[in-house]
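Values below: every heavy atom of this structure, side chains too, minus hydrogens, waters and symmetry copies.
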Amino acid sequence: MKRAVIIPARYQSVRFPGKPLTPLRGQSGAAKPLVQRTWDCARQFCDAHEIFVATDDLRIAKAVRGFGGQALMTPASCSNGTERCAAAVEQLPHLPEIIINLQGDAPLTPHWFLADLEAAMQANPAAQMATPVLRCDAQTYGLLRADRVAGRVGGTTAVFGADGQALYFSKEVLPFLPDGPLPVPCPVFHHVGVYAYRPDALAAYARWPLGRLESLEGLEQLRFLENGVAVHCVEVNARGRLFWELNNPSDVARIESVLP
């Protein structure tokens, strides 16, 4: 198997219980659960037999199988999506060359984000893990700032060096920008909740203990940085489309407004 796209989806969530089953109604008027909307994104990138939803909840598994997807039951003890992906990979009949983790709350992820990420991993055989980043425009920067001002945990930002290797990820808006006109180009990058791993790196991650920074920020990718594994940031282009994750119930209307 060249690749596997795994969509981790858990029912329990402090901020949004039952989020994967939240119905989202697009402009066509059709309502589909969030997990199916995310599966549809993956389906634009690869064949259905390469896509797996990893969950610990039978309600989610039933919904996935109902729309023709593949569901893998994973332990409730998985602390995040990366651990859930590692548990799912152990159940695959063949070990993929690259595992792509498409977060279950990202129904607006364009298929070319996944293609660009996979291409970057293929072009750099030494890369153990990579993730997309998207330069903010004024709208996205405003949404990130509005969440923080309102005390909501919204999108994540990424800071990386000239070589593209991540320096840090945060739920704060980094780097700090003083009040005034937004610099052009904007130096703030929105982290896209997709990851690509080599199998060995993913297996190692599952063996490491929860990291201090990971625990403070609630960001799973920081465990790689805390254990000395470079995270390669791959800049992607939204091509004029809004990218946003379903982080809070207040995001539903925003996402529905741009769904097909």
Side-chain angles (χ1 to χ4, degrees), residues 1-14 16-24 32-109 111 113-115 117-118 121 128-132 192-208 210 214 218-221 223-224 245-246:
M1 183 181 289
K2 177 183 177 182
R3 71 168 77 87
V5 176
I6 299 178
I7 302 172
R10 67 187 182 101
Y11 191 89
Q12 296 301 328
S13 171
V14 174
F16 200 157
K19 181 165 63 170
L21 298 181
T22 299
L24 296 177
K32 298 180 182 180
L34 169 61
V35 67
Q36 185 175 0
R37 292 283 186 182
T38 305
W39 186 92
D40 288 344
C41 293
R43 186 65 186 84
Q44 293 180 54
F45 167 66
C46 65
D47 293 335
H49 74 270
E50 298 175 296
I51 307 169
F52 305 86
V53 174
T55 186
D56 61 354
D57 192 279
L58 290 173
R59 289 165 290 188
I60 295 173
K62 181 179 179 181
V64 171
R65 292 165 184 151
F67 63 72
Q70 301 178 90
L72 298 174
M73 298 305 298
T74 51
S77 58
C78 293
S79 64
N80 57 45
T82 298
E83 287 189 6
R84 199 166 299 284
C85 283
V89 167
E90 293 179 354
Q91 301 180 49
L92 300 181
H94 304 287
L95 189 64
E97 296 175 15
I98 296 175
I99 300 107
I100 295 177
N101 172 352
L102 175 59
Q103 303 280 30
D105 59 1
L108 299 183
T109 306
H111 60 86
F113 283 13
L114 307 182
L117 185 63
E118 182 179 68
M121 291 287 283
Q128 294 300 300
M129 188 269 197
T131 192
V192 177
V194 183
Y195 306 100
Y197 322 100
R198 306 284 180 200
D200 288 348
L202 182 58
Y205 181 98
R207 294 192 297 267
W208 295 327
L210 180 73
E214 174 193 5
L219 295 175
E220 62 203 88
Q221 66 270 33
R223 194 183 305 184
F224 282 106
E245 305 97 339
L246 207 165

Roughly how far apart are [X] [atom1] and [Y] [atom2], rounded to 0.5 Å?
X: F113; Y: T131; atom1: CZ; atom2: OG1; answer: 11.0 Å
X: M121; Y: I98; atom1: CE; atom2: CD1; answer: 5.0 Å
X: E220; Y: C78; atom1: CD; atom2: SG; answer: 11.0 Å
X: I6; Y: I99; atom1: CD1; atom2: CD1; answer: 6.5 Å
X: N80; Y: L210; atom1: CG; atom2: CG; answer: 8.0 Å
X: I100; Y: C46; atom1: CD1; atom2: SG; answer: 7.5 Å

Pair E97 + R3: basic N to acidic O under 4.0 Å: no
Who passes side chain to side chain donor-acceptor pair (under 3.5 Å) against [X], sequence neighbours left out?
X: Q128; result: none
X: Y195; result: Q221
X: R59; result: D57

- Task: Specify whether Y205 and F224 have parallel, tilted or perpendicular ring planes, treating 30° as the upper limit for parallel and 60° as the lower limit for perpendicular.
- Result: tilted
Just so I know, are the side chains of [X] and [Y] near enough to count as touching, which here means a heavy-atom distance under 4.5 Å?
X: L24; Y: P107; answer: yes
X: Q103; Y: V192; answer: no
X: H111; Y: C41; answer: no
X: E214; Y: L219; answer: no
X: V194; Y: N101; answer: no
X: V5; Y: F45; answer: yes

Are the side chain of [X] and the backbone N or O of [Y] linked by a donor-acceptor pair below 3.5 Å?
X: E50; Y: D47; result: yes
X: Q70; Y: A48; result: yes
X: K19; Y: L246; result: yes
X: T55; Y: R10; result: no

* **Side-chain donor-acceptor contact under 3.5 Å, T82 with Y197** => yes
Sequence neighbours excluded, the answer for side-chain contact (heavy atoms from CB on, under 4.5 Å) partners of A86 is L202, A206
Minimum-distance pair of heavy atoms, taken over all atoms of [X] and [Y]:
X: L92; Y: A4; value: CD1-CB, 4.0 Å
X: P96; Y: V89; value: CD-CG1, 4.5 Å
X: A63; Y: L21; value: CB-CD2, 3.8 Å

Quick note, side chain to side chain donor-acceptor pair (under 3.5 Å) partners involving residues 33-43, not counting sequence neighbours, are K32-D40
So salt bridge (charged side-chain N to carboxylate O under 4.0 Å, His left out) across residues 71-85, not counting sequence neighbours, yields D56-R84, E83-R223
Checking T22, V35, L34, I7 against D105 for side-chain contact (heavy atoms from CB on, under 4.5 Å), the one that qualifies is L34
